[in-house]
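Written below as structure tokens is the structure these notes are about.
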Amino acid sequence: MNNDLTVHSYKISREDRRRMNGHNSFLVFFTGLSGSGKSTLCNALEQLLHQKGIRTYVLDGDNIRLGINKNLGFSPEDRTENIRRIGEISNLFIEAGIVILAAFVAPYQRDRENIRSLVGADHFVEVFVNTPLEICEARDVKGLYAKARKGEITNMTGISAPYEAPDSPDIEIDGENSIETGVNEIFKSIEHKLELKA
């Protein structure tokens with residue numbers, strides 16, 4: 001750590017922001033293969049939370065890579081840095097009293113555990129969207145699998161790069177089920193976390 005830097009404390013706390021918002025703040029982290037349905041579930045969950053008056057924000061893999069992480073590629077080192085930055089950003093949103101929803105392939109277990117450590121286990125909900133590779137590849141919504149099979153894309157998770165599935169995710173969603181079923185399952189699992197402690 002740079003000894004010339006000083007952490008400043010401010011009068012408005014995370015708890016103050018949470019009380020103003022009327023709910024708790026934490027990270028719901030969706031992981032799974034490309035095409036598993038992470039972003040679709042994330043979007044649907046945000047709509048449901050918004051309807052219930054919950055302040056939210058979504059971090060999506062592609063959107064982040066078009067902006068703050070546009071200087072990163074898909075090497076193992078860049079993937080790790082990509083997820084590290086997501087953890088730092090998520091931590092800021094948690095401090096702001098907002099429920100943050102993040103949808104990333106995040107293929108390495110150690111990177112996901114690093115986020116859990118960074119934001120705190122109490123503020124981290126890992127959602128594994130478990131969709132078989134053949135289903136993801138059949139969907140191929142971005143055309144990435146076809147390019148990977150032709151050798152036009154390297155480091156494609158599930159094809160030429162590994163995906164380390166979570167050993168014990170907080171929530172596991174069957175990616176072949178309906179979006180409504182998945183969202184309802186996730187909401188039931190996180191509903192208690194939204195409540196502020198007296």
Side-chain angles (χ1 to χ4, degrees), residues 7 9-32 36-64 67-69 80-130 164-175 179-198:
V7 175
S9 298
Y10 293 89
K11 296 296 184 184
I12 303 301
S13 69
R14 177 175 60 195
E15 287 67 32
D16 292 328
R17 299 183 192 102
R18 286 174 170 174
R19 281 193 294 271
M20 176 174 279
N21 291 340
H23 58 77
N24 216 339
S25 59
F26 52 90
L27 167 63
V28 183
F29 191 88
F30 293 78
T31 179
S36 62
K38 301 181 301 298
S39 295
T40 303
L41 279 166
C42 194
N43 182 40
L45 178 61
E46 184 180 40
Q47 291 178 71
L48 176 61
L49 293 174
H50 185 77
Q51 291 168 5
K52 295 180 179 296
I54 305 300
R55 294 181 185 271
T56 59
Y57 194 78
V58 169
L59 296 175
D60 180 80
D62 284 355
N63 293 348
I64 288 293
I68 196 167
N69 286 352
T80 291
E81 176 60 14
N82 182 53
I83 298 304
R84 186 196 70 79
R85 292 182 193 178
I86 297 313
E88 295 287 359
I89 294 167
S90 297
N91 209 29
L92 293 175
F93 275 101
I94 291 168
E95 287 296 317
I98 294 171
V99 175
I100 183 78
L101 310 173
F104 291 84
V105 173
Y108 303 123
Q109 180 72 24
R110 68 176 183 271
D111 294 340
R112 298 191 300 266
E113 286 304 316
N114 285 342
I115 287 190
R116 185 189 298 270
S117 296
L118 178 64
V119 303
D122 290 344
H123 304 129
F124 183 83
V125 179
E126 184 178 56
V127 179
F128 175 34
V129 185
N130 190 356
E164 299 171 0
D167 293 327
S168 53
D170 299 298
I171 304 167
E172 183 169 339
I173 298 297
D174 184 340
I179 296 301
E180 182 180 9
T181 297
V183 167
N184 287 338
E185 188 175 338
I186 297 167
F187 180 74
K188 286 177 183 176
S189 296
I190 68 171
E191 190 172 12
H192 71 283
K193 291 183 71 69
L194 293 165
E195 298 174 3
L196 289 173
K197 294 180 181 178

Contacts of type side chain to side chain contact (heavy atoms under 4.5 Å, CB included), residue Thr40, not counting sequence neighbours =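 Thr40: side chain to side chain contact (heavy atoms under 4.5 Å, CB included) contacts with Ile179.
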Taking all non-hydrogen atoms of both residues, which atom of [X] and which atom of [Y] are closest, and how far apart?
X	Y	answer
Ser39	Asp60	OG-OD1, 2.5 Å
Val129	Gly175	CG1-CA, 4.3 Å
Val183	Leu45	CG2-N, 3.9 Å
Leu59	Ile86	CD1-CG2, 4.2 Å
Glu126	Pro166	OE1-CB, 3.5 Å
Val119	Ser90	CG1-CB, 4.4 Å

Contacts of type side-chain hydrogen bond (donor to acceptor under 3.5 Å, both in side chains), residue Gln47, not counting sequence neighbours = none
Residues which pass side-chain hydrogen bond (donor to acceptor under 3.5 Å, both in side chains) with Thr31, listed by chain and number, not counting sequence neighbours | Tyr163
About how many Å separate [atom2] of [Y] and [atom1] of [X], when rounded to the nearest 0.5 Å?
X	Y	atom1	atom2	result
Ile98	Phe26	CD1	CZ	12.5 Å
Ile186	Asp170	CD1	CG	11.5 Å
Leu101	Leu41	CG	CG	11.0 Å
Ile68	Asn63	CD1	CG	13.0 Å
His192	Ile190	NE2	CD1	9.5 Å
Ile64	Asn69	CD1	CG	6.0 Å

Pairs where residues 96-117 contributes a residue and the test ring pair (Phe, Tyr, Trp, His ring centres under 6.0 Å) is met, not counting sequence neighbours = none
Check for a donor-acceptor pair, side chain of Lys193 on one end and backbone N or O of Asp122 on the other, with a separation under 3.5 Å.
-> yes
Is there a donor-acceptor contact under 3.5 Å from the side chain of Lys38 to the main chain of Ala103?
->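 Not a single qualifying donor-acceptor pair exists.
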With a 4.5 Å heavy-atom cut-off, do [X] and [Y] have their side chains touching?
X	Y	answer
Phe29	Ile100	no
Val127	Val28	yes
Asn114	Ile83	no

Heavy atoms of other groups near Leu92 CG, more than 12 under 6.0 Å =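 For Leu92, atom CG is crowded (more than 12 foreign heavy atoms under 6.0 Å).
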Using the test ring-ring contact (aromatic ring centres under 6.0 Å, His included), find all partners of Phe93 that sit at least two apart in sequence or belong to another chain.
->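 Residues passing ring-ring contact (aromatic ring centres under 6.0 Å, His included) with Phe93: Tyr57.
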How would you list, by chain and number, every residue that makes a ring-ring contact (aromatic ring centres under 6.0 Å, His included) with Phe187, sequence neighbours excluded?
->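 With neighbours one apart ignored, the set is empty.
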Salt bridge (Lys or Arg N to Asp or Glu O under 4.0 Å) with [X]: which residues, sequence neighbours excluded?
X	answer
Glu172	none
Glu113	Arg116
Asp111	none

Any pair with a residue in residues 179-191 that passes side chain to side chain donor-acceptor pair (under 3.5 Å), sequence neighbours left out, goes on the list, sorted by first then second residue, please.
-> Ser178-Thr181
How would you list all residue pairs meeting side chain to side chain donor-acceptor pair (under 3.5 Å) that involve residues 15-30, not counting sequence neighbours?
-> Ser13-Asp16, Asp16-Arg19, Arg18-Asn24, Arg18-Ser25, Arg18-His123, Asn21-Arg55
Pairwise salt bridge (Lys or Arg N to Asp or Glu O under 4.0 Å) hits with a residue in residues 81-107, at least two apart | Arg14-Glu95, Glu81-Arg84, Glu81-Arg85, Arg84-Glu88
